[in-house]
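Below is one structure, written out as structure tokens, with a few remarks after it.
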Amino acid sequence: MYGCVFLALLASLHTCDGGLAFASYYGDNMVLQKAPERAVLWGYGPEGAQVTLWLSGPKRQKTPPVTVTKGIWRVTLDPVEAGGPYNVTAILQSSTVNLTNVLFGDVWLCGGQSNMAFEMFKIFNASKEISNAANYTQVRIFMAAMRERETELIDLEQVEVPWSTAASKQLANFSAVCWLFGRNMYDNLKYPIGLVESCWGGTSVEAWSSSRALQHCGLQDNTDTDEDEAENGPSANSVLWNSMIHPLLNMTLKGAIWYQGEKNADYHPDKYNCSFPAMIDDWRFAFHQGSGGQTAPDFPFGFVQLCTYKKGSTDDGFPNIRWHQTADVGFVPNRRMKRTFMAVSLDLPDDHSPYGTIHPRDKQDVAYRLTLGARAVAYQEKDVHFRGPFPGQILTTEASLNITYDQTVSVTSSNDIFEICCSEATAPCGPQSTWVPAPIINWGPASVQVSTSYCQPMSKVAALRYAWKDWPCDFKSCPVYSARGDLPAPPFQVNRWPGNTP
Ligand SMILES: *[C@@H]1O[C@H](CO)[C@@H](O)[C@H](O)[C@H]1NC(C)=O
Ligand SMILES: *[C@@H]1O[C@H](CO)[C@@H](O)[C@H](O)[C@H]1NC(C)=O
Ligand SMILES: *[C@@H]1O[C@H](CO)[C@@H](O)[C@H](O)[C@H]1NC(C)=O
Ligand SMILES: *[C@@H]1O[C@H](CO)[C@@H](O)[C@H](O)[C@H]1NC(C)=O
Ligand SMILES: *[C@@H]1O[C@H](CO)[C@@H](O)[C@H](O)[C@H]1NC(C)=O
Ligand SMILES: *[C@@H]1O[C@H](CO)[C@@H](O)[C@H](O)[C@H]1NC(C)=O
Ligand SMILES: *[C@@H]1O[C@H](CO)[C@@H](O)[C@H](O)[C@H]1NC(C)=O
Ligand SMILES: *[C@@H]1O[C@H](CO)[C@@H](O)[C@H](O)[C@H]1NC(C)=O
């Protein structure tokens, strides 16, 4: 079937001998989006012919015939409750094509660069996790092949892993964050989960963004950029959007998770506070439109805040990207980034990763933290604690600052994780300013007191920041966690807080 579609694309959408076929990413063992959304299916056929879809299984459904136009037919099913198995049969006169063992559940797209692509066989406890996966017969995987293109494709050029059950050999090479997230969501929801991996290591957010999104941030033209060489290859503007995202727009989705940003630490880093939120907005718009309104226009979008790379580095751009991942707010969801959720991971470094320190092997904690966010934000589960502590109020006291958090905290002492900027200038402190340590001197149930003695007199304390280093602490040993749930405090930087404003 895939060979047929591939030929179809080369022959500008005339299927091989005009035959009936599904698009590349519909296959046996797949998961289609369950009710209340309606699954969209499409494929190829001879011009003008009438195609009907039959659904057989726990509930039966027969769609009204649709006409093949420009070589394509497209059907939107009536809503189907979670479950299965179903067979989906496309019928054109006497010819049929079937999808068997299809389930209805929630479909999640998993995107990003190498830490999302990071395979199951590379993580800690890999063999245990892979054999345990055989228990999850209702979680199904699919992987798009890595392709870059200059123009928007309507179907995937190639499928790397067709829809498969987790028992398949392919799982070892599947995204660990994606799989573990899907498995955890299954444990929670107890109905089928479909996972669509579309990732490429070392790639920029620009590559995954449409020209609409890039334009919004003044990035639409590669030649625009004075300070950088224009990117070629898979980081060039829109090339992966074109070939690995755009083709998927017509499938109904529940949401997306994303792990990317390392590449942008040295590629248009100062634009990331625009380019990343703009990509999310644009994906939402495009998937909503592509599915004929079935995928929610504000579908939930989860992401991993960057982990660590270079121990001892003071500024390799990671702190900046972590901040920009939140649109410079420090936490999500926020006003700019609605219905998003974030797994903080700066406390999960891996000094000894054989795949390089930029590829930490603990993906279980990353996926667990994403799952909490999905439960709270995507599924509106009440009382799911999914965010680490964030400062609400910062008061200046004599020779100290008292930081009050939005929740109770669990604190261990540290001399240098908090830093202050001493400045007479009215301009906000930035990475180039002089920062000195602000040792933790005391703490309460929801507050931390730090010393400002390295910066005297008091009036000169112009900003405070937390964990503003590539590698701020050892494994699960940052100084501030939530008392409830062991979630790390995300990094923050605050300039001239109330009470310290001149
Ligand atoms: C789906 O088709 C297979 C064979 O193609 C058949 O064995 C199975 O019973 C069918 N299942 C349903 C739910 O129709
Ligand atoms: C598809 O399914 C229908 C109904 O279950 C069956 O009659 C037909 O033979 C199947 N076709 C193929 C190609 O498997
Ligand atoms: C499947 O789950 C059962 C029950 O939790 C467990 O005992 C078993 O070891 C699991 N199987 C695999 C292959 O991990
Ligand atoms: C899949 O992973 C195995 C290691 O488990 C590796 O040897 C193989 O080359 C990979 N296959 C592909 C297609 O990437
Ligand atoms: C984004 O960050 C840059 C610095 O990195 C800053 O100059 C700019 O004002 C920020 N833009 C927004 C929209 O926050
Ligand atoms: C898929 O969605 C895109 C974007 O909305 C649209 O241009 C294209 O025609 C759609 N394809 C099908 C087969 O519906
Ligand atoms: C690996 O398995 C051990 C033993 O069950 C467990 O203590 C450890 O937390 C696991 N590691 C990860 C990253 O899940
Ligand atoms: C910080 O301020 C809060 C609110 O005023 C107070 O309850 C707490 O005791 C103070 N904490 C420290 C460590 O000074």
Side-chain angles (χ1 to χ4, degrees), residues 1 22 27-30 32 53-62 80-81 83-91 96-104 115 118 120-133 163 176-177 179-181 183-184 187 192 304 307 343 345 347-353 355 359-371 389 391-414 418 438-452 464 475-476 479-480 483 486 497-500:
M1 182 169 71
F22 284 95
D28 295 345
N29 306 311
M30 80 176 301
L32 288 167
L53 232 57
W54 281 81
L55 191 66
S56 62
K59 291 267 170 56
R60 291 177 164 270
Q61 207 180 116
K62 182 187 176 189
V80 179
E81 294 302 325
Y86 285 88
N87 289 344
V88 184
T89 308
I91 303 167
T96 66
V97 279
N98 286 356
L99 308 176
T100 62
N101 192 21
V102 171
L103 304 176
F104 283 78
N115 270 310
F118 198 75
M120 282 295 287
F121 80 89
K122 294 179 174 173
I123 65 173
F124 286 127
N125 300 341
S127 50
K128 185 177 79 179
E129 300 288 14
I130 291 169
S131 69
N132 169 273
W163 282 102
V177 170
W179 169 258
L180 295 167
F181 172 79
R183 179 195 77 179
N184 294 349
D187 283 340
V304 183
C307 188
S345 78
D347 67 329
L348 304 173
D350 184 359
D351 227 344
H352 304 292
S353 175
Y355 312 103
H359 297 130
R361 287 167 292 174
D362 177 3
K363 298 298 193 234
Q364 286 89 337
D365 281 292
V366 169
Y368 172 70
R369 291 172 187 179
L370 276 176
T371 309
Q393 192 185 41
I394 299 166
L395 295 173
T396 15
T397 60
E398 202 181 328
S400 75
L401 300 174
N402 180 350
I403 305 150
T404 304
Y405 282 93
D406 58 0
Q407 57 184 273
T408 55
V409 290
S410 162
V411 181
T412 48
S413 205
S414 162
F418 286 98
I440 298 178
I441 49 179
N442 199 358
W443 59 86
S447 66
V448 171
Q449 192 183 11
V450 300
S451 164
T452 55
L464 170 71
F475 186 74
K476 291 193 179 174
V480 184
D486 276 345
W497 53 90
N500 191 45

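Side-chain atoms are counted along with the backbone in the values below, which use heavy atoms only and exclude waters and symmetry mates. Order of appearance sets the numbers: ligands from 1, and atoms from 1 within every ligand.
- The atoms of ligand 1 that sit less than 4.0 Å from any heavy atom of Pro85 are 13 (C).
- Note: Thr371 OG1 to Gln364 CD = 11.5 Å, rounded to the nearest 0.5 Å.
- Every atom of ligand 1 with a heavy atom of Asn87 under 4.0 Å away is listed here by number and element: 1 (C), 2 (O), 3 (C), 8 (C), 10 (C), 11 (N), 12 (C), 14 (O).
- Rounding to the nearest 0.5 Å places OH of Tyr86 at 10.5 Å from CZ of Arg60.
- Applying the ring-ring contact (aromatic ring centres under 6.0 Å, His included) rule to Phe181 yields the partners Trp108; only residues at least two apart in sequence or on another chain are considered.
- Considering backbone and side-chain atoms together, Asn98 places no N or O closer than 3.5 Å to any N or O of ligand 1.
- Of all atoms in ligand 1, numbered sequentially from 1 with element shown, those under 4.0 Å from a heavy atom of Gly57 are 13 (C).
- For Asp187, the side-chain hydrogen bond (donor to acceptor under 3.5 Å, both in side chains) partners are Tyr136, not counting sequence neighbours.
- Taking CH2 of Trp179 as the start and CD1 of Ile130 as the end, the distance is 10.5 Å to the nearest 0.5 Å.
- Under the ring-ring contact (aromatic ring centres under 6.0 Å, His included) criterion, Tyr355 pairs with Phe118, sequence neighbours left out.
- Without hydrogens or angle criteria, Ser345 side chain to Val366 main chain gives no donor-acceptor distance under 3.5 Å.
- In terms of N/O distances under 3.5 Å, ligand 8 is approached by Asn402.
- Remark: the Thr89 side chain and the Asn98 side chain contain an N/O donor-acceptor pair separated by less than 3.5 Å.
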For ligand 7, which of its N or O atoms have a protein N or O partner closer than 3.5 Å, and how long is each gap?
unit_1   : atom_1 : unit_2 : atom_2 : d
ligand 7 : 2 (O)  : Asn125 : OD1    : 3.3
ligand 7 : 2 (O)  : Asn125 : ND2    : 2.3
ligand 7 : 2 (O)  : Lys128 : NZ     : 3.1
ligand 7 : 5 (O)  : Lys128 : NZ     : 3.0
ligand 7 : 11 (N) : Asn125 : ND2    : 2.9

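- Considering backbone and side-chain N/O of Tyr86, none are found under 3.5 Å from N/O of ligand 1.
- Taking distance alone, with nitrogen or oxygen atoms compared against 3.5 Å, Asn442 stays at or beyond that limit from ligand 8.
- When each atom of ligand 8 is checked for a heavy atom of Gln449 under 4.0 Å away, the hits are 13 (C), 14 (O).
- What you find for Phe124 and Asp350 is that their closest heavy atoms are CZ-OD2, 3.9 Å.
- Note that the OG atom of Ser413 and the CD1 atom of Ile441 stand 10.0 Å from one another [nearest 0.5 Å].
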